[in-house]
Amino acid sequence: MTDAARGICRELARRYPSSAAARGGTPLRLSVDRAFPSLASSPPDARESFLDAAEFLEARGLVSLSWKRFRQGDELSGITLRDPPALFALLEQAFPPDEMEQARAAALDAARRLERRPEHEGSRSYLLWLADNLRPTDTVAEGRDGAVAQALSPMVADFGRLLGALPAVTRNGALCGTTLRALSIELFSDSKRIEALVRDITPLLGRARRAGVAVPDLSALDRTYPETLVSGPLDLILDGGGRIRNPSGETLGIPLATASRVQRVESPSAIGEGRRARLLSVENLETFYALASRQDPSLSDAIMYCGGHPNRAVRFLLAACARSGFSLAHAGDLDPDGILILQELSDCAGARVGPLRMDAATFDAHVGHARSLDGPALKRASAIRADTRALPGIAGLLNRILSTGKGVEQEIISYWGP
């Protein structure tokens, strides 16, 4: 097969999965002018090679050709695919409808293999949904050189096997007793197979979420290690009755594995004074260390490093403080992202998180050293909800940010002076 014939076949194969033909509708037809726009300006020998290739494919019964009639001759106008299975066989690719049906069978088989236990129920439900919602387009993926065929059924089968193994090797949303690549070798004899599975299944998970379907939690498979820092005299009470005491208020690193086990947080000083304990979240690391080094009880009983949009360790620890009755506050950048982080913290705490020095007065005191914000940064203000805008100082701050087009970074703000 010539390069020109292969190029026609690849274009037909690329378009076929999303066409009506793949769903049993009308045959796929390519407009030559639209599908091959560079052909008109190609040299005569290239156009001749293209026509020879199209007629070669027609002679094999793969396509039929449509022609425009002119006084000076005929011009090829359309190429209609007549034998889709033969096309994909010629390209040594799986036929999308067949591959889709095999993937459906793999999803149903994986669901049946999962034991009927509570920890597997969510995975079983997702696999059953997947079996009913696969499409021919799922048999192709975007590669560096455009759409390429992917083996969908092995991917679905392996994903089902992974879901079955996860409950035994995870605890509190993290891998326990193994690493991601060690688990991948144990299950698939391939150290990077799980990473590839997560990448390839992501579009299908996104489709399920948009349809309102619960999807399996794959956060334990992230090759990241969320952690946070906390400073101040606190006691962290863990599941199982363990306790981490920090009477001197030193700065402690709290990894996800520990943060996920925190059931309750106590402030001995607040308990001794019979008042509500206070936690301050801080967005910027430099500012966190500055505040932690001073340990000013007039500011807060404890300080937690947020580090921007909250990771899972931050979320767990903040939620534990909220459950423990802490008064929550946050200090961050004076820009739309800083306000959105405040909003996220309230969401993951399930409680009100008030702003500290996130107001128009603080903005005006530092605007001479502010930075200009670009259009996308300013547009993010549209995601700030009404309940967040109603927090003390936020509406006025947002008005100043939008009217000036500037933002103030937290590290230039002093929390003990103007």
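Positions are given from 1 along the sequence.
Side chain of Arg171 to backbone of Ala257: no donor-acceptor contact under 3.5 angstrom is found. Using a distance-only test at 3.5 Å, with no hydrogens or angles considered, a donor-acceptor pair links the side chain of Ser324 to the main chain of Val265. Using modelled atom types, one side-chain atom of Arg323 and one backbone atom of Gln263 make a donor-acceptor pair closer than 3.5 Å. Within the 3.5 Å criterion, the main-chain N or O of Ala86 finds no donor-acceptor partner in the side chain of Arg60. A donor-acceptor pair is defined here as one N or O able to donate and one able to accept, closer than 3.5 Å; such a pair exists between the side chain of Thr170 and the backbone of Leu166. With Asp301 contributing its side chain and Arg278 its backbone, the two residues share a donor-acceptor pair below 3.5 Å. Ser300 places a side-chain N or O within 3.5 Å of a backbone atom of Leu280 that can act as its donor or acceptor partner. Side chain of Thr287 to backbone of Glu283: no donor-acceptor contact under 3.5 angstrom is found. Checking side-chain atoms of Thr137 against main-chain N and O of Pro17 turns up no donor-acceptor pair under 3.5 Å. A distance-only check finds a donor-acceptor pair linking the side chain of Glu99 to the backbone of Leu152 [under 3.5 Å].
When all heavy atoms of Leu204 and Trp129 are compared, the closest pair comes out as O-CZ3, 4.1 Å. Of all non-hydrogen atoms in Gln410 and Gly332, the two that sit nearest each other are NE2-N, 3.7 Å. The shortest non-hydrogen separation linking Ser123 to Leu114 is CB-CD1, 3.7 Å. Heavy-atom minimum distance, Gly338 versus Met358: O-CE, 3.7 Å. Considering all non-hydrogen atoms of both residues, Ser38 and Ser42 come closest at O-OG, 2.8 Å. Tyr415 approaches Ala331 most closely through the heavy-atom pair OH-CB, 3.6 Å.
With a 4.5 Å cut-off on side-chain heavy atoms, His366 and Ser414 do not count as touching. Contact annotation: the side chain of Phe288 approaches that of Ser231 to within less than 4.5 Å [non-hydrogen atoms, C-beta and beyond]. Two residues are said to be in side-chain contact when any heavy atoms from C-beta on lie closer than 4.5 Å; Arg400 and Asp364 meet this criterion. The closest side-chain heavy-atom distance from Leu108 to Leu128 is below 4.5 Å. Inter-residue side-chain proximity for Arg117 and Pro167 is flagged as unmet; no heavy-atom pair is nearer than 4.5 Å. Between Asp337 and His309, some side-chain heavy-atom pair lies under the 4.5 Å cut-off. Side-chain contact between Leu256 and Asn311: absent, with no pair of heavy atoms (C-beta onward) separated by less than 4.5 Å. Within the 4.5 Å cutoff, no side-chain heavy atoms of Thr388 are placed close to those of Ser346.
Ile341 CD1 to Ser281 OG: the interatomic distance, rounded to the nearest 0.5 Å, is 8.5 Å. Atom CZ of Phe363 and atom OG1 of Thr404 lie 3.5 Å apart (nearest 0.5 Å). Between the CG atom of Leu236 and the OG1 atom of Thr258 there is a distance of 9.0 Å, given to the nearest 0.5 Å. In this structure, Leu334 CG and Lys406 NZ are separated by 14.0 Å, a value rounded to the nearest 0.5 Å. Atoms CD1 and CE, on Ile201 and Met155 in that order, are 4.0 Å from each other to the nearest 0.5 Å. The structure places CG of Leu76 at 7.5 Å from OG of Ser66, a figure rounded to the nearest 0.5 Å.
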Extract all donor-acceptor atom pairs below 3.5 Å that involve side chains of residues 218-228 and protein atoms in other chains or at least two apart in sequence.
residue, atom, partner, partner atom, Å
Ser219, OG, Asp217, OD1, 2.7
Ser219, OG, Asp217, OD2, 3.2
Ser219, OG, Arg312, NH1, 3.3
Thr228, OG1, Tyr305, O, 2.6

May I have the list of side-chain donor-acceptor pairs in residues 313-321 shorter than 3.5 Å, sequence neighbours left out?
residue, atom, partner, partner atom, Å
Arg315, NE, Pro310, O, 3.2
Arg315, NH2, Glu344, OE1, 3.4

Exercise. Test salt bridge (Lys or Arg N to Asp or Glu O under 4.0 Å) on Glu195 and Arg199 and set out the steps.
Key: CA-CA 6 Å; Glu195 291 169 81; Arg199 180 194 65 230; over 6 Å; no

Quiz item: What's the verdict on side-chain contact (heavy atoms from CB on, under 4.5 Å) for Thr139 and Phe95, showing C-alpha distance, side-chain angles and the deciding distance?
Solution: CA-CA 9 Å; Thr139 64; Phe95 183 45; over 6 Å; no

Quiz prompt | From CA spacing to verdict: side chain to side chain donor-acceptor pair (under 3.5 Å), Asp359, Thr362 | solution = CA-CA 6 Å; Asp359 50 41; Thr362 304; 2.7 Å; yes

Exercise. Given side-chain contact (heavy atoms from CB on, under 4.5 Å), test Arg207 with Asp138 step by step and report yes or no.
Key: CA-CA 11 Å; Arg207 185 190 303 164; Asp138 297 326; 2.5 Å; yes

Practice problem: Report the C-alpha distance between Ile339 and Leu391 in whole Å, list the side-chain angles of each, state the deciding distance to 0.1 Å, and finish with yes or no for side-chain contact (heavy atoms from CB on, under 4.5 Å). | Solution: CA-CA 10 Å; Ile339 299 173; Leu391 292 171; over 6 Å; no

Quiz item: Thr2 and Phe56: side-chain contact (heavy atoms from CB on, under 4.5 Å), yes or no, with the steps?
Solution: CA-CA 10 Å; Thr2 65; Phe56 165 78; over 6 Å; no

Exercise. Quick one: do Asp335 and Arg371 satisfy salt bridge (Lys or Arg N to Asp or Glu O under 4.0 Å)? Show the steps, please.
Key: CA-CA 10 Å; Asp335 59 17; Arg371 58 187 176 88; 2.8 Å; yes

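When the shell of 6.0 Å around NE2 of His369 is examined, it contains 12 or fewer heavy atoms from other residues, nucleotides or ligands. Dense packing is recorded around CZ of Arg193, with more than 12 heavy atoms of other residues, nucleotides or ligands lying under 6.0 Å away. More than 12 heavy-atom neighbours from other residues, nucleotides or ligands sit within 6.0 angstrom of CZ on Arg261. Within a 6.0 Å sphere centred on CZ of Arg243, heavy atoms belonging to other residues, nucleotides or ligands number more than 12. Residue Glu411 places its CD atom among more than 12 non-hydrogen atoms of other residues, nucleotides or ligands, all under 6.0 Å distant. Crowding of Arg104 atom CZ: a count of heavy atoms from other residues, nucleotides or ligands under 6.0 Å exceeding 12. Within a 6.0 Å sphere centred on CG of Asp132, other residues, nucleotides and ligands contribute more than 12 heavy atoms.
No hydrogens or angles considered: a donor-acceptor pair under 3.5 Å links the side chains of Arg82 and Ser64.
The residues Glu75 and Arg47 are annotated as not salt-bridged, no charged nitrogen and carboxylate oxygen being separated by less than 4.0 angstrom.
Judged as a side chain to side chain donor-acceptor pair (under 3.5 Å), and not counting sequence neighbours, Asn246 has no contacts.
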